[in-house]
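Numbering of ligands and ligand atoms starts at 1, following listing order. These numbers come from a predicted model, not from an experiment. Hydrogens, waters and symmetry mates play no part in the numbers below; they use all other heavy atoms, side chains included.
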Amino acid sequence: MKVLITGGYGFIGSHVTERFYKEGYEIYIIDNLSTGDKDHVKIKHKFYELDVIDSKCQEVFSNVKFDVVIHLAAHIDAVASVEKPSFDATANILGLINMLELSSKYDVKKFILASSAAVYGSNEEIPLIEDTSLNPISPYGVSKLTGENYCKLWKNTYGLETVCLRFSNVYGPRQSVKGEGGVVAVFMNNLFLEKELCIYGTGEQTRDFIYVEDVVDAIYKSCDYSYSDVINVSVDTQYSLINLIDAIKNVHGDTDFRHEQLRKGDILHSRLSNKRAKKELNWTPLYTLNKGIFKTYKWYEEYFKEKNLAKDKNHYNKEHENLEKDEKKKRTYSKDSCHILKIY
Ligand SMILES: NC(=O)c1ccc[n+]([C@@H]2O[C@H](COP(=O)([O-])OP(=O)(O)OC[C@H]3O[C@@H](n4cnc5c(N)ncnc54)[C@H](O)[C@@H]3O)[C@@H](O)[C@H]2O)c1
């Protein structure tokens, strides 16, 4: 079985590659490396450095017959999408259309779209169920909702089996500090850079934090089901930022943090029902916040240890280089002095 993972070098994508590889799939990645990192993927795979809107993607689809396409490549920064809505729409809508066209043309059996809780926008119903009203408040949310509609259209018009998974706030190893659900990544980075953690407001605001391996499991399970619609992928739990800080303290020990005023427009509470995912995908999230944060923390600990070692090595090499240069200068100088001495 062959799987194409667009955005495979990104945070979620890299975990998806590992799981599908373990399950025996041949792994193919399309990524433009805008936020992704080649070092994220160590397993055997084939890589095409392409943008998902690129017409050259056709060659990839015509050469390899994919069974499954997992479309994760996207512009993921909701705040930046407000500043550059057309850039966001180009990647998230036109890029998706290109992948849908090619998937139906080349008989892909299952197309999975990474959608987002951002489609619910200002709807603060608790819990949010898939059929509730959708009021995205950012171009990013609109582009994800539009993507879901395109997937439905492709299913109805061309018979392509599509499923759209609305992820809540995903966290875990390799997440960048930018984009969606980044608070865990920001906290981890600040911890290891010995910067203070900052909570906006009282810290009682809640998010439905889900560990990346649970998300990957839902993606994997959705390949085998004929269900073709939208599904929330969440823990269906409201974790407050205070809960998050406590989970971090459990592994790191006491941690300083300061409060700042709540930011305008921040949604206070968010929780997505996962009843449909449990029923349709026969899936259930396995990670508690404590367990997920423990694994995430250990990864960042290792990552910063290696980074600091590399920095020290670099620093050592630089110092060594400078010493060598000084030595060289001295040698040149003494040679010159010799020369000078000879002349006079
Ligand atoms: N992280 C979350 O909490 C979260 C929540 C909801 C939905 N999502 C969705 O999940 C998907 C993956 O998110 P992530 O957090 O792993 O992001 P990420 O930025 O780590 O990964 C995105 C990957 O896609 C690549 N990419 C971006 N634009 C591309 C383009 N036009 N062509 C080819 N490659 C491109 C990037 O280089 C990167 O490797 C996205 O679609 C995002 O909208 C993420």
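- The aromatic ring centres of F87 and H75 sit less than 6.0 Å apart.
- Under 4.0 Å is where a charged nitrogen must lie from a carboxylate oxygen, and between D131 and R276 at least one such pair does.
- For the pair R166 and Y120, the distance from NZ or CZ to the six-membered ring centre is under 6.0 Å and the angle to the ring normal is within 45 degrees.
- Every atom of ligand 1 is numbered from 1 in the order shown, and the set under 4.0 Å from a heavy atom of L72 is 11 (C), 12 (C), 40 (C), 41 (O).
- Checked against a 3.5 angstrom limit, the closest N/O atoms of A117 and ligand 1 fall outside it.
- Among the atoms of G10, some N or O lies under 3.5 angstrom from an N or O of ligand 1.
- At a heavy-atom cutoff of 4.0 Å, ligand 1 is contacted by the side chain of I76 but not by its backbone.
- A side-chain donor from one of T132 and N123 sits under 3.5 Å from a side-chain acceptor of the other.
- With a 4.0 Å heavy-atom cut-off, ligand 1 is reached by the side chain of K144 but not by its N, CA, C or O.
- Taking 4.0 Å as the cut-off, T6 does not count as a neighbour of ligand 1 on heavy-atom distance.
- Residue contacts with ligand 1 leave out T90, since none of its heavy atoms falls under 4.0 Å from the ligand.
- The residue Y171 has no part lying near ligand 1, judged by heavy-atom distances below 4.0 Å.
- Proximity of the aromatic rings of F187 and Y300 is defined here by a centroid distance below 6.0 angstrom, and this criterion is not met.
- Between F61 and Y106, the ring planes are tilted. Angles from 30° to 60° get that label.
- Stacking of R174 on the aromatic ring of F11 is not recorded, the 6.0 Å distance cut-off and the 45° axial limit not both being met.
- Atoms of ligand 1 lying under 4.0 Å from at least one heavy atom of L33, given by number and element, are 37 (O).
- At least one heavy atom of S34 sits less than 4.0 Å from an atom of ligand 1.
- Note on L281: it does not cluster hydrophobically with V230, by side-chain heavy-atom contacts below 4.5 Å among ILVMFWY residues.
- For ligand 1, the polar-atom distance check against I30 finds no nitrogen or oxygen pair separated by under 3.5 Å.
- Between H71 and ligand 1, no pair of N/O atoms sits closer than 3.5 Å.
- For atom 26 (N) of ligand 1, the nearest non-hydrogen atom from the set I5, V233, N32, D54 belongs to N32.
- Using a 4.0 Å cut-off between heavy atoms, S115 contacts ligand 1 through its backbone alone, with no side-chain atom that close.
- At a heavy-atom cutoff of 4.0 Å, ligand 1 is contacted by no atom of I53, backbone or side chain.
- Annotation: V52 places an N or O atom under 3.5 Å from an N or O atom of ligand 1; distance criterion only.
- Between I12 and ligand 1, a contact under 3.5 Å exists for at least one N or O pair.
- Between W154 and Y150, the ring planes are tilted. Angles from 30° to 60° get that label.
- No side-chain donor-acceptor contact under 3.5 Å links Y200 and Q261.
- Checking only distances, D31 does come within under 3.5 Å of ligand 1, N or O to N or O.
- Of the candidates F167, Y239, W299, Y287, Y287 is the only one forming a ring-ring contact (aromatic ring centres under 6.0 Å, His included) with Y211.
- With no hydrogens or angles considered, a side-chain donor-acceptor pair links S240 and N243 at under 3.5 Å.
- In the vicinity of G36, heavy-atom distances shorter than 4.0 Å reach the ligand 1 atoms 36 (C), 37 (O), 38 (C), 39 (O).
- V108 places none of its side-chain heavy atoms less than 4.5 Å from the side chain of E161.
- Residue A114 approaches ligand 1 through these ligand atoms, each under 4.0 Å from one of its heavy atoms: 9 (C), 10 (O), 11 (C), 41 (O).
- Contacts with ligand 1 closer than 4.0 Å are made by no heavy atom of D37, backbone or side chain.
- For S168, the heavy-atom gap to ligand 1 drops under 4.0 angstrom.
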